[in-house]
Amino acid sequence: MDPFLVLLHSVSTGLSNDELTELKFLCRGRVGKRKLERVHSGLDLFNVLLEQNELDSEHTELLRELLVSLRRQDLLQRLDNFEAGAAGRAPPEERDLRAAFDIICDNVGKDWRRLARHLKVTDAKIDAIEEKYPRNLTEQVRESLRVWKSTKTEEATVSHLVRVLRACQLNLVADLIVEHQQAQGLENENENESSRGGGGSISVSLTSWDSDGPALGASW
């Protein structure tokens with residue numbers, strides 16, 4: 001089954017009638033009145049958003065925004081878990097960038113506006129982010145990084161993030177990202193060496209058995 005559809009089903013079953021009403025209201029600018037009148041469950045609403053390309057497994061920003069509006073931390077955690085799983089299936093560069101995003105979200109705090117400006121996120125976008133997530137600092141940071149990634153695709157690399165963090169005098173955060181990168185590199189090297197070593201030991205074992213061991217049925 002598609003993990004994203006499983007997530008949407010899980011979110012839908014967790015919504016109360018009042019919360020569904022809130023979501024329909026919040027989607028009035030995206031979904032026509034007639035379609036909203038036919039929405040009787042979270043799945044109905046998600047189906048409409050999927051059909052309109054407002055929502056998919058690669059673009060979960062709207063879903064996150066809706067769940068933040070409901071203040072449903074439990075459902076946000078399910079979304080976080082899905083995105084973490086998606087990161088594990090992503091190419092190495094994408095996984096590294098998502099890991100850097102997590103480190104920044106955990107450590108930058110109120111300095112995110114300065115970082116966003118250095119990343120060339122406009123003041124209008126910054127104001128819109130603050131309005132979208134007025135009481136959620138972590139989501140403000142993450143949304144600013146998403147905006148940067150979507151508008152500056154060629155610059156959206158971990159190395160560029162590290163350079164900008166240092167330019168903002170956020171050296172501690174930059175160091176944490178570099179350390180994570182180095183740890184991941186060592187972990188990958190160890191896995192590769194273990195894989196190669198395992199094969200070599202099997203070969204030696206078989207050679208030793210053939211040269212030194214007795215024939216089948218003979219005594220030592």
Side-chain angles (χ1 to χ4, degrees), residues 1-90 94 97-99 101-102 104-106 108-110 112-113 115-116 119 121-151 153 156:
M1 288 186 289
D2 185 330
F4 186 60
L5 296 182
V6 172
L7 169 68
L8 293 181
H9 181 271
S10 173
V11 171
S12 175
T13 58
L15 295 174
S16 68
N17 290 334
D18 287 343
E19 287 170 335
L20 177 61
T21 299
E22 288 184 51
L23 293 185
K24 289 169 66 175
F25 176 79
L26 292 170
C27 288
R28 288 180 66 179
R30 299 174 181 270
V31 180
K33 182 178 178 180
R34 290 185 179 180
K35 287 184 178 180
L36 283 176
E37 288 175 350
R38 295 194 293 270
V39 168
H40 301 292
S41 69
L43 286 181
D44 290 341
L45 180 60
F46 296 147
N47 269 325
V48 172
L49 295 174
L50 287 168
E51 290 171 359
Q52 295 184 176
N53 296 318
E54 300 270 4
L55 192 64
D56 62 50
S57 59
E58 296 296 322
H59 301 90
T60 58
E61 296 86 356
L62 175 59
L63 179 59
R64 180 174 293 278
E65 182 180 343
L66 293 172
L67 296 179
V68 167
S69 297
L70 295 179
R71 300 183 186 180
R72 288 292 303 271
Q73 294 299 321
D74 57 328
L75 299 183
L76 278 168
Q77 184 61 55
R78 296 179 196 179
L79 177 56
D80 289 340
N81 292 342
F82 166 79
E83 291 180 344
R89 298 186 293 272
E94 182 69 20
L97 194 59
R98 293 189 186 192
F101 279 18
D102 289 341
I104 291 171
C105 289
D106 290 341
V108 165
K110 294 181 179 180
W112 74 269
R113 298 170 189 81
L115 174 61
L119 290 171
V121 178
T122 65
D123 286 341
K125 286 285 188 182
I126 291 173
D127 291 343
I129 290 168
E130 290 181 311
E131 184 177 345
K132 183 187 291 187
Y133 303 109
R135 292 176 295 276
N136 195 321
L137 183 59
T138 299
E139 288 304 322
Q140 290 175 355
V141 181
R142 192 176 297 277
E143 182 67 11
S144 69
L145 294 171
R146 289 195 197 100
V147 170
W148 165 71
K149 182 174 181 288
S150 64
T151 57
T153 52

### R71 side chain to V68 backbone, donor-acceptor under 3.5 Å
no
### Task
Verify the neighbour count for atom CG of N17: are there more than 12 heavy atoms of other residues, nucleotides or ligands below 6.0 Å?
no
Would you say [X] and [Y] make side-chain contact, with heavy atoms under 4.5 Å?
| X | Y | answer |
| --- | --- | --- |
| N47 | L8 | no |
| L76 | R72 | no |
| T60 | F4 | yes |
| L70 | L15 | yes |
| F46 | L5 | no |
| L36 | L45 | yes |
| S12 | L20 | no |

side-chain hydrogen bond (donor to acceptor under 3.5 Å, both in side chains) partners for [X], two or more places apart:
| X | answer |
| --- | --- |
| S16 | E19 |
| D123 | R117 |
| E61 | none |

Distance in Å, [X] [atom1] paired with [Y] [atom2], rounded so as to fall on 0.5 Å steps:
| X | Y | atom1 | atom2 | result |
| --- | --- | --- | --- | --- |
| I129 | E131 | CD1 | CD | 11.5 Å |
| L66 | L55 | CG | CG | 8.5 Å |
| L43 | L50 | CG | CG | 10.0 Å |
| L63 | E83 | CG | CD | 8.5 Å |

#### Entry: Pairs satisfying salt bridge (charged side-chain N to carboxylate O under 4.0 Å, His left out), at least one member in residues 23-49, at least two apart
R30-E54
### Message
Ignoring hydrogens, what is the shortest heavy-atom contact between L26 and S69? Give both atom names and the distance.
### Response
CD1-CB, 3.6 Å
### Where L119 and W148 come nearest, the two heavy atoms and their spacing
O-CD1, 3.4 Å
Just distance, no hydrogens or angles: give the donor-acceptor pairs under 3.5 Å from side chains in residues 138-147, sequence neighbours left out.
residue	atom	partner	partner atom	Å
E139	OE2	R64	NH1	2.8
Q140	OE1	W112	NE1	3.2
Q140	NE2	Y133	O	2.6
R142	NH1	D102	OD1	3.1
R142	NH2	D102	OD1	3.2
E143	OE1	R146	NH1	2.8
E143	OE2	K132	NZ	3.2
S144	OG	V141	O	2.6

### Message
If you apply the rule side chain to side chain contact (heavy atoms under 4.5 Å, CB included), what do you find for L7 with S57, and how did you get there?
### Response
CA-CA 10 Å; L7 169 68; S57 59; over 6 Å; no
### Task
Could you tell me which residues satisfy side chain to side chain contact (heavy atoms under 4.5 Å, CB included) with T122, sequence neighbours excluded, listed by chain and number?
A124, K125
